[in-house]
Amino acid sequence: MERAAQSLAHDAGQSVVVTSDPEVVRTADRVVLPGVGAFADCRAGLDAVPGMVEAMTEAVKGRGRPFLGICVGLQLLAERGLEHGVTEGLGWIRGEVDRITPNDPTLKIPHMGWNTLEIAREHPLLAGIPTGASGLHAYFVHSYHLKPADGIDLLATTDYGGTITAAVARDNVAGTQFHPEKSQTLGLALLANFLKWHP
Ligand SMILES: NC(=O)CC[C@H](N)C(=O)O
C-alpha cells in the first residue's frame, strides 16, 4: 500500500495520504484502493473500519471522484468474489471474481510475472501506453480475476492460457489486476494518467 502511494507521490508531485480514516476518504479528490491477499479478508478489512465503505461510496458515487482499485482493490469492485467461498463485493462493476483456469496445464497458478496488455477498449488510463506483443509489460501476481458481465467494462486483457482481465473501468471507477506500483514504466504512466483523468 505504501509503495502504491509512494509511486503516486513520486510521479505526480501531488499530496498522497495513506489513511484508514473514512472522513479523509469521503472528502478526497481521488481514491486508490490497493489490495493483496484473499478477497474475503480484504472485504473484511474494509468492513472492519466503521463507515469506510459508506465513505468510499460517498466519494465515488456521490461526488463522482475518480477511483482506482489495484489487484484485490479491483476485484472488490465486482458483485461477488469466489475465492474461498462467496463474498459480496462493492458491486460497482457487474460480474464476479473467479479462478483463472489456463488451458495449458504447464502454466502455474498463481499467475506471477510480466505480461503485455491487449487493449479491449481505448481509455484515458491507457493513453500513450504501448500495448500489444511489442508493448510494455505489467506485473501480475494473482489466481483470480474479475469477469465483467458487461463487456464494455473491460479495458485491457492479457494472455495466460486464455484471456485474463487486466484492467476494467466504468464511469469514474477503474481498476488494474496488475500492480502499477511494480510495473515500472507502464505502471508510472498509468498512475500519471489516473491523476490526469477527469471522468
Ligand atoms: N496478489 C494477491 O494478493 C492475490 C490476490 C487474489 N487473492 C488472487 O489470487 O487473485
Go through the steps to decide whether Leu46 and Leu33 satisfy the test side chain to side chain contact (heavy atoms under 4.5 Å, CB included), and finish with yes or no. CA-CA 10 Å; Leu46 277 183; Leu33 178 65; 4.1 Å; yes
What verdict does the side chain to side chain contact (heavy atoms under 4.5 Å, CB included) test give for Leu190 and Ser183, after you've listed the backbone C-alpha separation in whole Å, the side-chain angles of each residue and the deciding distance to 0.1 Å? CA-CA 9 Å; Leu190 186 135; Ser183 295; over 6 Å; no
Residue pair Phe178, Leu186: steps toward the side chain to side chain contact (heavy atoms under 4.5 Å, CB included) verdict: CA-CA 11 Å; Phe178 57 88; Leu186 183 153; 3.6 Å; yes
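Linking Ile, Leu, Val, Met, Phe, Trp and Tyr whenever their side-chain heavy atoms come within less than 4.5 Å leaves Ile70 and Leu74 in two separate clusters. Linking ILVMFWY residues whenever their side-chain heavy atoms come closer than 4.5 Å, directly or via other members, places Leu107 and Ile109 in the same cluster. Under the 4.5 Å side-chain heavy-atom criterion for ILVMFWY residues, a single connected hydrophobic cluster contains both Leu191 and Leu136. Note on Phe194: it does not cluster hydrophobically with Val60, by side-chain heavy-atom contacts below 4.5 Å among ILVMFWY residues. Under the 4.5 Å side-chain heavy-atom criterion for grouping Ile, Leu, Val, Met, Phe, Trp and Tyr, Leu68 is not connected to Ile93 through any hydrophobic cluster.
Not one N or O on the side chain of Asp171 forms a donor-acceptor pair closer than 3.5 Å with the backbone of Val173. A donor-acceptor pair is defined here as one N or O able to donate and one able to accept, closer than 3.5 Å; such a pair exists between the side chain of Arg30 and the backbone of Leu195.
Considering only residues two or more places apart in sequence or on other chains, Asp98 meets the side chain to side chain contact (heavy atoms under 4.5 Å, CB included) condition with Leu82, Lys147. Scanning for salt bridge (Lys or Arg N to Asp or Glu O under 4.0 Å) contacts around Asp47 gives Arg43, with sequence neighbours left out. When the side chain to side chain donor-acceptor pair (under 3.5 Å) test is applied to Asn103, no partner is found at least two apart in sequence or on another chain. Remark: Pro199 engages Pro66, Asn172, Trp197 in a side chain to side chain contact (heavy atoms under 4.5 Å, CB included) (not counting sequence neighbours). Checked against side chain to side chain contact (heavy atoms under 4.5 Å, CB included), Glu58 has the following partners two or more places apart in sequence or in another chain: Arg26, Arg63. Taking Lys196 as the reference, Asn193 meet the side chain to side chain contact (heavy atoms under 4.5 Å, CB included) condition, with sequence neighbours excluded.
Across all non-hydrogen atoms, the minimal contact from Gly128 to Pro130 is O-CD, 3.4 Å. Considering all non-hydrogen atoms of both residues, Ser20 and Val49 come closest at O-CG1, 3.4 Å. Across all their heavy atoms, Val72 and Ala38 have their closest contact at CG1-O, 4.5 Å.
Applying the side chain to side chain donor-acceptor pair (under 3.5 Å) definition to pairs two or more places apart or across chains, those involving residues 122-144 are His111-His142. Listed by first then second residue, pairs satisfying ring-ring contact (aromatic ring centres under 6.0 Å, His included) with a partner in residues 20-47 number zero, not counting sequence neighbours. Contacts classified as side chain to side chain donor-acceptor pair (under 3.5 Å) and involving residues 85-94 (residues at least two apart or in different chains) are given here: Arg94-Asp150. Legend: side chain to side chain donor-acceptor pair (under 3.5 Å) pairs involving residues 66-83, not counting sequence neighbours, sorted by first then second residue: Gln75-Gln177, Arg80-Glu96.
Note that NZ of Lys61 is 9.5 Å distant from CG of Leu90, once rounded to the nearest 0.5 Å. Distance check, rounded to the nearest 0.5 Å: OG1 of Thr176 to CG of Leu125 gives 8.5 Å. A distance of 3.5 Å separates NE2 of His179 from SG of Cys71, quoted to the nearest 0.5 Å. With rounding to the nearest 0.5 Å, the separation of CZ in Phe140 from NZ in Lys182 is 13.0 Å.
One side chain, Asp104 or Thr106, offers a donor N or O that lies under 3.5 Å from an acceptor on the other.
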If you look only at distance, which donor and acceptor atoms sit under 3.5 Å apart when one is on a side chain in residues 151-167 and the other is two or more places apart or in another chain?
from	atom 1	to	atom 2	distance (Å)
Asp153	OD1	Arg170	NH1	2.9
Asp153	OD2	Arg170	NH1	3.1
Thr158	OG1	Thr116	O	2.7
Tyr160	OH	Lys108	N	3.1
Tyr160	OH	Lys108	O	2.6
Thr165	OG1	Leu146	O	2.6

